[in-house]
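Report on one structure; see the data block that follows.
Everything quoted here is computed from the prediction, not taken from an experiment. Every chain is numbered from 1, with letters handed out A, B, ... down the list of sequences.
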There are 2 protein chains.
Amino acid sequence: MEAVLTAAVALLDEAGESALTLRALAARLGTGVGSIYWYVSGKDDLLDRAIDHVLGGVLTAVEGQTTSGDPIDDLRVMAVTLFDAIVDRPWLGAHFMQDIDVPGNSLRLYEELGRQTLRLDLTPRQRFHAVSAIVGVVVGNAADMGQEPPPEVLDGSVDRDEFLGRYAEAWRALDAEEFPFVHDIVDEFDGHDDKEQFLAGLELTLAGLRLQAGA
Amino acid sequence: MEAVLTAAVALLDEAGESALTLRALAARLGTGVGSIYWYVSGKDDLLDRAIDHVLGGVLTAVEGQTTSGDPIDDLRVMAVTLFDAIVDRPWLGAHFMQDIDVPGNSLRLYEELGRQTLRLDLTPRQRFHAVSAIVGVVVGNAADMGQEPPPEVLDGSVDRDEFLGRYAEAWRALDAEEFPFVHDIVDEFDGHDDKEQFLAGLELTLAGLRLQAGA
DNA sequence: ACCTGAACACCGTTCAAGT
DNA sequence: ACCTGAACACCGTTCAAGT
């Protein structure tokens with residue numbers, strides 16, 4: 001079982017979600033396709049378990065973070081840890097935190113985030129919404145990166161900056177009257193860093209939360 | 001071409017993303033599989049065009065919204081319109097706003113949102129981040145709903161409240177020492193409304209933005 | 001210019017049969 | 001208890017052939 005999940009994660013890490021096929025997995029394990037069905041009920045179950053498997057490591061990282069005096073600072077650190085985990089494994093993308101309903105590492109991560117909000121002067125409803133919002137910001141920003149990059153970026157023949165630059169070029173060619181905003185921010189888009197973008201969005205949510213909590 | 005996209009959207013609306021197969025689409029159009037390839041380069045292209053097709057309607061709705069005196073109020077109204085569009089068509093889910101790079105309705109919606117930030121006292125970088133954050137909140141909250149609901153909810157034999165109630169029950173059974181946050185918010189989770197949750201998260205981002213803009 | 005549909009190389013899943 | 005692998009019912013994509 002452990003070997004099945006390790007092999008599944010390895011396939012996902014190497015070539016993304018589309019690389020995880022039962023045949024490829026069986027080949028890597030040196031067995032037949034059918035035998036995998038003894039361990040998992042199907043492909044969805046396999047993916048769920050693979051996700052839970054890697055979230056175990058993320059949970060350990062989050063638990064190991066020393067808590068500061070400021071719950072909101074702690075929430076920031078945790079959210080960044082979650083974001084970085086998705087950057088490392090883009091295939092987590094949208095599936096991340098999808099299974100809060102069943103007991104597992106998703107739920108434990110949810111609890112870790114939520115525990116910080118217990119230190120804030122909020123109603124339970126406000127806490128529920130605050131944690132959902134933070135998870136939403138992480139997932140919303142990371143989902144963009146979950147999509148497999150175009151082949152010319154993946155194989156390194158064109159780097160990311162050049163790739164962004166091409167689109168920036170196209171944006172600059174747009175009519176200035178019709179697209180005033182796009183023109184206003186095109187220089188920021190050109191060569192932008194996804195993590196910085198995420199951090200800025202997170203900061204807005206945390207600022208709103210701090211205001212709400214009067215902290 | 002128009003007929004192809006209309007039929008594709010109909011399939012997606014009726015039974016979700018998995019229902020859009022080239023064979024099903026060809027059958028509905030009364031043609032052969034191969035003929036679809038004359039209009040689109042492949043399945044990904046088909047999905048992209050179907051998304052752009054429905055975003056046309058969303059764009060019209062957004063453009064029709066009268067602007068108020070407060071740019072942040074206008075951003076809220078627009079974000080809600082986007083969210084509602086995804087609620088109506090869960091298959092838009094994560095793909096929503098995925099193609100800002102190519103000129104199309106995604107880019108125009110992006111421009112519409114961004115135009116409101118031009119009325120705020122912000123730097124271009126802050127505007128770029130603000131719009132990304134709002135799109136992130138919409139996508140992050142809507143992505144949760146994009147996953148197909150379990151069959152017993154879909155066929156109506158179990159309603160959503162009962163479904164949530166079951167998980168709430170399981171949560172209440174968890175150890176109180178180990179899961180203090182989950183216990184704190186379980187009554188809020190039970191029977192919660194996804195839209196309310198989204199609105200609360202959006203409000204935090206908008207509050208942070210208002211603070212940043214000094215408005 | 002537009003359509004056809006058989007053919008190809010894949011999938012996930014099942015299941016009788018093995019050890 | 002665990003594994004095998006052929007078989008089934010699907011996919012997306014291609015392409016020689018038609019009109």
Side-chain angles (χ1 to χ4, degrees), chain A residues 1-53 90-95 98-99 146-152 154-155, chain B residues 1-53 90-95 98-99 146-152 154-155:
Chain A
M1 180 71 225
E2 181 67 22
V4 172
L5 294 184
T6 304
V9 170
L11 282 170
L12 289 163
D13 284 345
E14 283 164 25
E17 192 162 348
S18 63
L20 180 63
T21 68
L22 293 172
R23 279 171 178 80
L25 183 58
R28 179 176 283 250
L29 291 166
T31 64
V33 255
S35 76
I36 296 167
Y37 281 82
W38 196 87
Y39 297 99
V40 300
S41 71
K43 196 183 177 181
D44 286 349
D45 187 37
L46 172 65
L47 190 56
D48 285 348
R49 287 177 199 260
I51 289 168
D52 190 72
H53 193 249
W91 54 270
L92 282 173
H95 308 290
Q98 197 168 273
D99 290 330
Q147 32 184 334
E148 330 231 322
E152 60 271 33
L154 241 180
D155 71 16
Chain B
M1 181 67 225
E2 181 67 20
V4 172
L5 294 183
T6 304
V9 169
L11 281 171
L12 289 162
D13 284 345
E14 284 164 23
E17 192 162 349
S18 62
L20 181 63
T21 68
L22 293 172
R23 280 170 177 83
L25 183 58
R28 180 176 282 250
L29 291 167
T31 63
V33 256
S35 77
I36 296 167
Y37 281 82
W38 195 87
Y39 297 98
V40 300
S41 71
K43 196 183 176 181
D44 285 349
D45 187 36
L46 172 64
L47 190 56
D48 285 348
R49 288 178 199 259
I51 289 168
D52 190 72
H53 193 250
W91 53 270
L92 282 173
H95 308 289
Q98 197 168 273
D99 291 329
Q147 30 182 337
E148 330 231 321
E152 60 271 33
L154 244 181
D155 70 17

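- Note on B:Y39: a side-chain N or O is less than 4.0 Å away from OP1 or OP2 of C:dC3.
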Begin with the C-alpha distance, continue with both residues' side-chain angles, and end with the deciding distance and a verdict on side chain to side chain contact (heavy atoms under 4.5 Å, CB included) for A:Y39 and A:L5.
CA-CA 10 Å; A:Y39 297 99; A:L5 294 184; over 6 Å; no

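- Annotation: side chain of B:D48 is not in contact with side chain of B:H95 (no heavy-atom distance under 4.5 Å).
- The two residues A:L29 and A:A3 have their closest heavy-atom pair at CD2-O, 3.8 Å.
- The CG-C1' distance, from B:L22 to D:dC10, rounds to 13 Å in whole Å.
- Rounded to whole Å, the distance from OH on A:Y37 to C1' on C:dA17 is 19 Å.
- If you take CG of B:L47 and P of D:dG12, they are 11 Å apart, rounded to a whole angstrom.
- Distance from the side chain of A:V33 is smallest to D:dG5 among C:dG12, D:dG5, D:dC2.
- The CG atom of A:L29 sits 16 Å away from the C1' atom of D:dG5 (whole-angstrom rounding).
- Distances shorter than 4.0 Å separate some side-chain N or O of B:T31 from OP1 or OP2 on C:dT4.
- Using N1 to N3 plus N6-O4 or O6-N4 for Watson-Crick, or N1-O2 and O6-N3 for G-U wobble, each under 3.5 Å, C:dC15 pairs with D:dG5.
- Nucleic acid contact for A:L25: none, since no nucleic acid atom lies under 4.0 Å from a heavy atom of the residue.
- Remark: C1' of D:dG18 and CH2 of B:W38 are 17 Å apart, rounded to the nearest angstrom.
- As judged by a 4.0 angstrom heavy-atom cut-off over every strand, B:I36 is placed among residues making no nucleic acid contact.
- Sequence order on DNA chain D of the closest nucleotides to A:S35 and A:R23 puts A:S35 first from the 5' end.
- Side-chain contact between A:K43 and A:L47 is absent, with no heavy-atom pair separated by less than 4.5 Å.
- Per the geometry, NZ belonging to B:K43 stands 15 Å off P belonging to D:dT14, to the nearest Å.
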